[in-house]
Amino acid sequence: MPRITVKKIPVLEVYPFENSISAHCCLKLLNFTSNALANQEKYLPDLSENIDIIVSKVKAGASYDEIFHSLMQDQTCNTIPISHNIVSQLLHRFKDDWKSALGIFKWVESHNTYMPLSDSYETMLDILGKMKQTEKMMSLIEQMNNRHLVTIGCIAKVMRRLCGAGKWEDAVTIFDDLHRFGLIKNTESMNLLLDTLCKENRVEQARKIFLELKSCIPPSAYTFNIFVHGWCKVNRVDEAHWSIQEMKGYGYNPSVITYSTVIESYCRHSKFDKAYELLDVMQAQNCPPNVVTFTTIMCYLTKNEEFDEALQIPKMMKLFGCKPDTLFYNALIHTLAKSGRIQEAVDVFEDEMPSFGILPNTSTFNSMIAMFCHHGLDQEALNVLKELQSSQLYRPDIQSFSPLLKMCFKKGKTDVLLGNLLDEMINKHHLSFDLSTYTLLIHGLCRANKCDWAYGFFKEMIDKDITPKYYTCSLLLDEIKQNNNYVAADHIEEPQTARPHERCPLPHRQALEASWRKIVSSLTGTIPDISVKLESKTAEKKIKEYGGSVA
DNA sequence: TATCGGACTC
């Protein structure tokens, strides 16, 4: 049973093959991408059927334990041969739904003929960490440790998520205990810790730790690049330069990465002149800028809306003898799109990239889709999507669809087209919806007067432990209140003729409030009853925000 | 170890 049911409409009714941009480009792509095809995972029909069977047994909103037990007791599921491929696809499918992911993972782990790859363990740790399930994440890594399954990659994921959750001290503890996991403290693991801290803006802590460790663990050139990045990230470029001096003191020359990091920082502050100066220094130091350096500069010029200057970068690059790559072209397409040069962007996508043998990736297609949507060129956008779907080389992701969903709401195409796109996202591509997708959908559906549909998504996100924004809750509540009144009135006057999709099936308010209690409780950690007076000021504020009253 | 998003916000 799919989690959301959307009426199925044949694809061709919605995406007539209208113009030739797509077909044209598709042929070209296929000509020069045949070797990439070899690297793609093969999707065997029985595999995807088996996945569907397992997915259909995973009940939305159930606890991970319930999911685990229902899978354990399921006759059909237990006849399915578990493979690494099936596990990695299932985890990918539930990457924003930790309860389902963990239930399934525990189940596959319990098979005595199957042992998950260390990659799958890493993914599972990451899913828990991302959804701030720190305790679950820590208990999983302990279980892994009992079975000697912890790799440095797992440690890296755990440290990053701990830092992300504000628990950087715990990340340091993990590093201190590294021997407990059968791993050693060396330059590599130290760099991992320092990088994690720096990426979470904890460069000062990283520095202190480094001062303690440097007598026992020799730093590498990477170590100093990590600090250069860390200081730049918190806008302390002086300290970054100081780190470069220190680096030289250790006998390491700054690399193209070191310089590009500083250039990024200059660009972020719109100091493009200083960035250009540094390019010259690099050239003089025999450390010429590379494609990343130029892509960075071009991106920031675009952000600053200095389009003409941004479009000089490809020329400058040629002068430096530097070759473009996929990410450079993605940035260039974005620059052209933002500056309204649609045809030029199409030319780059269709002619220039193929002629230089540069493969697009999903983001390249996404940039084209976003550009066409932004300029109201619906059909062109849909053609690019169609091309992406039929290419066999790439698969659309959530970003491929979001501009199209937005377009549906903007143009009021909330019946056939929206239904069809959602059907493809859910049932064909099995995309995992995140906070921004749910937000976009709920807001759009409320404004389109389809609050029952919006409410379905709302319930689904609550089930997945994705906390809606305040505005989303208040918009939906208003809509439901209004709709209830309307439905009530409608029901009295002409109960037989009301159109089902325009009404809000019965009192959702109670259910909605139950959902709120759940949210409020997760936000405040207090007993979830919105009518009871609560001690904490923050709890009061939150409850008011969520439309509850405080006695 | 540096690009990784491509926009309303509550």
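Atom set for the values below is all heavy atoms of this structure, side chains included, hydrogens, waters and symmetry mates excluded. Sequence lines set the chain letters: A, B, ... in the order given, protein chains first and strands last, and positions in each chain run from 1.
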Taking 4.0 Å as the cut-off, does a side-chain nitrogen or oxygen of A:Lys199 come that near to OP1 or OP2 on B:dA2? yes
Side-chain N,O (A:Lys406) to OP1/OP2 (B:dC8) below 4.0 Å: yes
With a 4.0 Å cut-off on heavy atoms, is A:Asn366 in touch with a base, just the backbone sugar-phosphate, or nothing at all? nothing
The side chain of [X] lies closest to which of these nucleotides: [options]?
X: A:Ala370; options: B:dA7, B:dT3, B:dT1; result: B:dA7
X: A:Lys303; options: B:dG5, B:dA2, B:dT3; result: B:dG5
X: A:Tyr222; options: B:dA7, B:dC10, B:dT1; result: B:dT1
X: A:Asn225; options: B:dA2, B:dT1, B:dG6; result: B:dT1
X: A:Lys338; options: B:dA7, B:dC10, B:dT1; result: B:dA7
X: A:Tyr471; options: B:dT1, B:dA2, B:dC10; result: B:dC10
X: A:His229; options: B:dA2, B:dC10, B:dA7; result: B:dA2
X: A:Leu327; options: B:dT3, B:dA7, B:dA2; result: B:dT3

Over how many whole Å does the gap from [X] atom [atom1] to [N] atom [atom2] extend?
X: A:Phe328; N: B:dC4; atom1: CZ; atom2: P; answer: 14 Å
X: A:Met368; N: B:dG6; atom1: CE; atom2: P; answer: 15 Å
X: A:Tyr252; N: B:dT1; atom1: OH; atom2: C1'; answer: 14 Å
X: A:Lys410; N: B:dA7; atom1: NZ; atom2: C1'; answer: 13 Å
X: A:Leu405; N: B:dC8; atom1: CG; atom2: P; answer: 13 Å
X: A:Leu192; N: B:dT1; atom1: CG; atom2: P; answer: 7 Å
X: A:His334; N: B:dA7; atom1: NE2; atom2: P; answer: 6 Å
X: A:Phe401; N: B:dG6; atom1: CZ; atom2: P; answer: 15 Å

Check the orientation of [X] and [Y]. Use parallel for under 30°, tilted for 30 to 60°, and perpendicular for over 60°.
X: A:Tyr471; Y: A:His443; result: perpendicular
X: A:Phe457; Y: A:Trp453; result: parallel
X: A:Tyr252; Y: A:Phe224; result: tilted

Determine the sole option in A:Leu193, A:Ile155, A:Asn186, A:Ile184 for which the side-chain contact (heavy atoms from CB on, under 4.5 Å) test with A:Leu178 is passed. A:Ile155
Is the positively charged end of A:Arg207 above the ring of A:Phe227, judged by distance under 6.0 angstrom from the centroid and angle within 45° of the axis? yes
